[in-house]
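This report refers to the structure that appears directly beneath it.
We name chains A, B, ... by the order of the sequence lines, and we start the count at 1 in each one.
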Amino acid sequence: MEILRTENLDKIYQDNGVPVHALKAINLTINMGDHIVIAGPSGSGKTTLLNLLGALDKPTMGKIYINNEDISEKTKKELSDFRLHKLGFIFQAYNLIPVLTALENIEFSMMLLGFTEKERHKKALDLMEELGIRELADKRPNEMSGGQQQRVAVARAIVNDPTIVLADEPTANLDSDTGSHLLDLMERMNREKNITFIFSSHDKQVIDRAGRLIILKDGRIV
Amino acid sequence: MLFKLAWRNIWRNKRRSLVVLGSVIIGIIAVLFMNGFMNGMLNQMLSNQISTNISHIQIHKKGFNDNKVIQNHIPDADAVEKKLSDNPDIKAFSKRVITFGLISSATNSSGVYINGIIPDKEKEVSIIFRQIVEGHYFTGDKREIVIGGKLADKLEVGLGDKVVIMSNTPDGTIGSEVFRVAGIYKSFSSEFDKSFIYIPLETAQSMLNINNRIFEFAVVANDYKKIELVKSSIKSGLNDNYEVMSYKDLLPFLVYQIDLSKESMWIFNLIIELALIFGIINSMLMAVFERINEIGVLMSIGMKNIKIFFMILLEGLVIGIIGTVVGLISGFLIMLPLESSGINFAIYTESLESYGIGAVIYPTLSMDDVLGVLIMIPLISIIGAVYPAYKAIKLEPVNAIRYV
């Protein structure tokens with residue numbers, strides 16, 4: 001079942017007044033439960049595409065449909081709401097809130113959705129148990145390793161049952177063993193929960209595990 | 001959880017937060033101290049005038065206050081006295097003969113306000129008997145006189161010395177009498193000490209040849225806060241031949257000065273509050289710029305701008321509330337001992353006494369000052385956080401999450 005479609009997606013940045021054509025006529029379709037990796041050399045437009053698919057940025061031209069909903073024309077407030085309900089994010093630098101514990105980081109987006117404290121506590125702890133990170137519940141990010149932080153970030157990304165999880169170079173700051181374990185975890189979530197994952201990466205082990213590989217070069221799919 | 005996040009964000013940079021809190025606390029202490037000091041000084045000026053001479057309310061023949069001539073005596077003193085005695089809101093009253101005259105010693109002379117008083121009754125409306133520093137108050141001798149220390153110095157007289165008082169009588173002749181100095185007082189005002197003398201009422205009446213006429217009733221109400229009500233009730237019982245004046249009518253310049261000083265304190269408070277606002281803006285801006293990446297993440301996971309805005313205002317508010325509580329407690333701890341012991345400005349005695357304040361100033365905190373701090377400081381803390389909060393929500397998540 002199709003959950004994401006782009007039509008002639010273009011993105012032009014202004015870099016010190018000079019227009020930079022970062023993406024050119026991107027057309028792609030992603031189905032539910034896909035495990036997509038967007039790969040390509042630096043400057044090929046991977047992150048730009050991920051930002052557009054993640055409703056963090058707006059295209060210069062073209063359309064993005066998620067669940068048949070055109071997100072390219074939405075206001076900032078609507079996009080914010082859309083991200084909260086439909087998307088999950090995993091960042092290269094983990095980006096957990098440093099003053100919150102692992103459990104609170106996971107609970108945070110549930111709080112934004114209006115879950116009661118009891119509900120979010122239970123759901124977050126159950127998920128941590130499932131991901132094997134229950135013992136990290138009371139630890140703050142600075143008390144965890146990079147791999148542990150990224151596992152918590154995965155939990156944060158999927159706790160609200162998003163339609164799509166976007167992961168921007170999730171293994172870039174991890175050693176290969178830790179990265180491999182993290183990918184195992186995300187593969188399991190993809191398989192068991194049918195969550196659609198879209199990665200951007202040039203890490204070989206991420207690319208090797210891709211269900212479908214999209215290669216970008218100079219802003220175009222090749 | 002928003003509060004938890006705001007609270008922890010405040011303490012993630014303890015030194016910076018403590019510096020901001022310190023400035024808020026010092027600002028509050030400064031506001032409380034300055035307001036308390038000004039209140040104390042102004043209240044002392046007023047209460048010294050009231051307790052030494054003016055009393056709460058005065059009753060005269062209409063026009064006497066503007067034209068203190070001997071012809072302007074109270075038309076029917078007995079009737080007024082009865083009305084005052086029957087009024088339950090009046091604590092005490094005393095009759096006075098008041099006129100201008102000349103006091104002379106063997107070496108010098110000076111123009112003075114002659115106050116003919118009933119010594120025992122006067123004790124109930126004036127504290128002059130408590131301010132005697134040499135000799136004693138009236139003992140019943142008709143030739144006793146109580147004068148101020150400054151006047152005694154000018155006349156070069158001491159206890160037991162003879163002085164002569166002269167004043168116009170209603171028929172245009174000069175009435176005079178010899179007195180012996182029984183007591184020398186020192187009030188809060190050196191100007192008052194130079195010019196107010198006290199003699200027994202009956203002696204004043206015989207010297208001025210006015211039989212049992214008087215010129216003034218000095219009245220003290222039971223409740224200081226109800227003076228204007230008491231004034232109205234007295235006025236309603238008297239005809240148009242009388243003027244009933246509260247201390248506000250009798251000391252318009254002083255009341256105006258107090259109002260003006262209170263207004264100027266608002267300006268002082270405003271300056272401190274503005275300084276605090278800029279301190280908070282600066283600190284909160286730094287806090288926002290340090291967390292650009294984090295704010296980007298919050299935006300990415302769907303936190304709405306209004307919540308981010310509110311979270312940063314909450315951080316400002318929490319700083320304001322902590323600062324207010326600690327500042328008020330610290331302010332009270334500093335002010336309460338000073339309220340009872342006073343602050344001794346011995347080196348400025350001369351100038352303070354010329355304003356009728358006295359060398360020791362007792363700071364007084366009013367409920368308005370405390371309420372002002374309770375409302376204003378948290379409010380300005382929020383105001384100080386508005387601009388940083390605005391800057392935060394103006395961030396684009398796509399740029400903010402990549403900010404290093």
Q: Mark yes when over 12 heavy atoms from residues, nucleotides or ligands other than B:Glu228 sit less than 6.0 Å from its CD; otherwise mark no.
A: yes
Q | Pairwise distance CE(B:Met299) to CG(A:Leu56) - rounded to 0.5 angstrom | A | 11.0 Å
Q) Could you go step by step and tell me if B:Arg8 and A:Glu104 meet the salt bridge (charged side-chain N to carboxylate O under 4.0 Å, His left out) rule? A) CA-CA 12 Å; B:Arg8 291 185 190 167; A:Glu104 288 163 347; 2.5 Å; yes
(Q) Test side chain to side chain contact (heavy atoms under 4.5 Å, CB included) on B:Trp7 and A:Val99; report intermediate values, then the result. (A) CA-CA 9 Å; B:Trp7 174 262; A:Val99 292; over 6 Å; no
Q: Would you indicate whether B:Phe278, at its atom CZ, is surrounded by more than 12 heavy atoms from other residues, nucleotides or ligands within a distance under 6.0 Å?
A: no
**Q.** A:Asn160 versus chain B, the contacting section by heavy-atom distance below 4.5 Å
**A.** neither
Q. To the nearest 0.5 Å, how far apart are OG in A:Ser80 and CG in B:Leu298?
A. 10.5 Å
Q: Mind listing the closest non-hydrogen atom pair of B:Ile301 and A:Arg156 along with its distance?
A: CG2-NE, 4.4 Å
Q) Checking A:Phe82 against chain B: side chain, backbone, both or neither under 4.5 Å from a heavy atom? A) neither
Q | Over 12 non-hydrogen atoms of neighbours within 6.0 angstrom of CZ in B:Phe37 | A | yes
Q. Got a sec: does the CH2 of B:Trp11 have more than 12 other heavy atoms crowding it under 6.0 Å?
A. yes
Q) Counting only heavy atoms not in A:Lys74, do more than 12 fall under 6.0 Å of its NZ? A) yes
Q. Going from CG on B:Asn305 to NZ on A:Lys76, what distance comes out if it is rounded to the nearest 0.5 angstrom?
A. 5.5 Å
Q. CD1 of B:Ile306: more than 12 outside heavy atoms within 6.0 angstrom?
A. no
Q. Once you round to the nearest 0.5 Å, how far does CG of A:Asn95 lie from CD1 of B:Ile401?
A. 7.5 Å
Q) Are more than 12 heavy atoms from other residues, nucleotides or ligands located less than 6.0 Å from atom OH of B:Tyr387? A) no
Q) With a cut-off of 6.0 Å (strictly less than), are more than 12 heavy atoms of other residues, nucleotides or ligands near OH of B:Tyr256? A) no
Q: Provide the closest heavy-atom pair for B:Arg12 versus A:Pro98 in the form atom of the first, atom of the second, distance.
A: NH2-CG, 3.0 Å
Q) Atom CD of B:Glu294 and atom CG of A:Leu100: how far apart are they, to the nearest 0.5 Å? A) 8.0 Å
Q: Please report the shortest heavy-atom distance between A:Leu112 and B:Lys307, naming the atom on each side.
A: CD2-CD, 4.0 Å
Q: Could you look at A:Leu87 and say if it's the side chain, the backbone, both or neither that has a heavy atom under 4.5 Å from chain B?
A: neither
Q. Do B:Pro397 and A:Arg83 touch side chain to side chain, with heavy atoms closer than 4.5 Å?
A. yes
Q | Heavy-atom pair of closest approach, residues A:Asp81 and B:Lys304 | A | OD1-NZ, 2.7 Å
Q | Selection from A:Ile97, A:Leu113, A:Leu84 maximising heavy-atom pairs under 4.5 Å formed with chain B | A | A:Leu84
Q) A:Phe89 and B:Ser300: which non-hydrogen atoms are nearest, and at how many Å? A) CE1-O, 3.1 Å
Q) Is it the backbone or the side chain of B:Ile10 that comes under 4.5 Å from a heavy atom of chain A, or both, or neither? A) neither
